[in-house]
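Notes follow once the structure below has been shown.
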Amino acid sequence: QLLKDLEEVKELLTKATRKRIRDVLMTEKHKLELEIKNQPVPKPKDVAEEEKSSLGGYTVKINNYGWDQSDKFIKIYISLNGVQKLPAENVQVNFTERSFDLLVKNLNGKNYTMTFNNLLKPISVEGSSRKIKTDTVLVMCRKKREEKWECLTQVEKESKEKE
C-alpha cells in the first residue's frame with residue numbers, strides 16, 4: 001500500500017506546477033519514504049500466520065525490568081507472575097549480536113513481549129540464554145568482551161551524555 005502511495009505522489013509531483021502544491025507533495029513523499037524505511041521486514045506468510053494462530057489473546061509490551069552484570073554476562077530480570085507454570089517452549093528469546101527479543105506465550109490468556117535493540121556492546125548469540133525462575137524470566141546475554149557496561153543500550157548512553 002505504502003509503495004503504491006509513494007508511486008502516486010511521485011507521479012503527481014511530475015505534474016504539479018504550483019510551488020505550494022509541489023512543497024506539500026514533497027513533504028508527503030518524504031513521510032512515505034521514511035515510513036517505508038522504518039517498516040519491519042515482512043515474514044513469509046505461513047510463518048506469520050502460524051505465529052498468530054499460536055498466540056491466543058492479546059500481546060502486552062513489557063516495560064519493567066531489572067538488570068545486573070558480571071564479568072561475563074548482562075542479566076535482565078523480568079517479573080511475570082506464574083511464568084514458571086508455563087511449558088518451557090512458551091518462553092522464547094531470539095538473540096542477535098546487538099539485540100534480543102523475548103516472547104512469552106499464553107500466560108494467563110495474554111502474550112508478553114519485550115525487545116532490546118542497540119545493546120551497548122556486542123553479545124555472543126551462542127553463549128546467551130534464558131532461565132525461568134519463580135515469577136521471573138532471567139535473560140542472560142553473554143558479553144563478547146569481559147568489560148563493564150555503564151548502561152544497557154546505545155540510546156540510554158546517549159541520553160545520559162545529554163544530561
Side-chain angles (χ1 to χ4, degrees), residues 1-6 30-163:
Q1 279 320 78
L2 288 173
L3 287 170
K4 286 180 182 172
D5 290 350
L6 183 61
H30 288 301
K31 274 191 213 163
L32 284 166
E33 286 169 341
L34 194 66
E35 204 173 328
I36 289 167
K37 194 180 101 183
N38 291 333
Q39 259 192 334
V41 181
K43 294 180 180 173
K45 199 141 187 107
D46 52 347
V47 174
E49 291 304 312
E50 187 183 304
E51 275 187 13
K52 274 193 189 120
S53 65
S54 68
L55 295 176
Y58 60 96
T59 301
V60 178
K61 202 170 191 296
I62 301 167
N63 294 314
N64 288 7
Y65 63 90
W67 74 284
D68 192 9
Q69 64 183 315
S70 63
D71 289 341
K72 294 185 170 112
F73 287 95
I74 289 288
K75 300 170 191 159
I76 294 98
Y77 298 87
I78 299 116
S79 296
L80 290 169
N81 286 341
V83 72
Q84 71 279 7
K85 296 175 188 149
L86 285 178
E89 64 270 12
N90 281 27
V91 181
Q92 301 168 348
V93 184
N94 293 318
F95 296 96
T96 70
E97 189 175 74
R98 292 299 279 265
S99 74
F100 73 84
D101 59 272
L102 165 72
L103 173 62
V104 179
K105 293 186 197 172
N106 202 8
L107 175 60
N108 306 323
K110 296 180 196 144
N111 304 304
Y112 293 85
T113 179
M114 173 183 245
T115 303
F116 267 92
N117 291 316
N118 286 337
L119 288 171
L120 187 65
K121 301 196 170 137
I123 60 171
S124 158
V125 175
E126 305 76 43
S128 297
S129 62
R130 60 106 176 102
K131 287 184 179 168
I132 301 167
K133 301 189 172 267
T134 306
D135 297 335
T136 304
V137 176
L138 170 57
V139 178
M140 298 180 62
C141 301
R142 173 125 190 156
K143 296 177 180 178
K144 276 246 168 104
R145 284 197 303 271
E146 293 189 16
E147 58 188 329
K148 277 274 183 248
W149 291 20
E150 58 265 33
C151 50
L152 272 182
T153 64
Q154 202 59 48
V155 175
E156 238 179 290
K157 183 181 180 187
E158 287 162 13
S159 71
K160 272 186 186 166
E161 284 169 359
K162 278 181 192 157
E163 285 173 17

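Values in this document were obtained by computation on a predicted structure and should not be read as measured data.
For Arg98 (side chain) and Leu119 (main-chain N/O), a donor-acceptor pair under 3.5 Å exists by modelled atom type. Panel note: side chain Lys85, backbone Leu107; no donor-acceptor pair is recorded below 3.5 Å. The closest donor-acceptor contact from the side chain of Glu35 to the backbone of Leu2 lies at 3.5 Å or more, if one exists at all. Judged by distance alone, with hydrogens and angles left aside, the side-chain atoms of Ser128 form a donor-acceptor pair with the main-chain N or O of Arg142 at under 3.5 Å. With Asn111 contributing its side chain and Asn106 its backbone, the two residues share a donor-acceptor pair below 3.5 Å.
To the nearest 0.5 angstrom, Cys141 atom SG is 11.0 Å from Trp67 atom CH2. Between the CG atom in Leu152 and the CG atom in Leu120 there is a gap of 8.5 Å [rounded to 0.5 Å]. Glu150 CD to Glu147 CD: the interatomic distance, rounded to the nearest 0.5 Å, is 9.0 Å. Taking NZ from Lys121 and CZ from Arg145, the interatomic distance works out to 7.0 Å, rounded to the nearest 0.5 Å. Atom SG in Cys151 sits 8.0 Å away from atom CD in Glu161 (nearest 0.5 Å). In this structure, the separation between OG on Ser79 and CG on Asn64 is 8.0 Å, given to the nearest 0.5 Å.
The shortest side-chain heavy-atom distance between Val137 and Ile76 does not fall under the 4.5 Å cut-off. Inter-residue side-chain proximity for Thr153 and Asn117 is flagged as unmet; no heavy-atom pair is nearer than 4.5 Å. For the pair Ile78 and Met114, the minimum side-chain heavy-atom distance is below 4.5 Å. Between Ile123 and Ile74, the closest side-chain pair of non-hydrogen atoms is not below 4.5 Å. No side-chain heavy atom of Lys160 sits less than 4.5 Å from a side-chain heavy atom of Lys157.
A side-chain contact (heavy atoms from CB on, under 4.5 Å) with Lys72 holds for exactly one of Met140, Glu146, Lys143; it is Glu146.
A search for side-chain contact (heavy atoms from CB on, under 4.5 Å) contacts involving Asp101 returns Asn94, Thr115, not counting sequence neighbours. In this structure, the ring-ring contact (aromatic ring centres under 6.0 Å, His included) partners of Phe116, at least two apart in sequence or on a different chain, are Tyr65, Phe100.
Applying the 6.0 Å contact sphere to NZ of Lys144 captures more than 12 heavy atoms from other residues, nucleotides or ligands. For NZ of Lys148, the number of neighbouring non-hydrogen atoms (other residues, nucleotides, ligands) closer than 6.0 Å is greater than 12.
Leu80 and Val104 make their closest contact through CD1-CG2, 3.7 Å (heavy atoms, listed as atom of the first residue, atom of the second, distance).
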Requested in this report: Just do the side-chain contact (heavy atoms from CB on, under 4.5 Å) check on Leu102 and Val91 with the steps written out, would you?
Outcome: CA-CA 7 Å; Leu102 165 72; Val91 181; 4.0 Å; yes

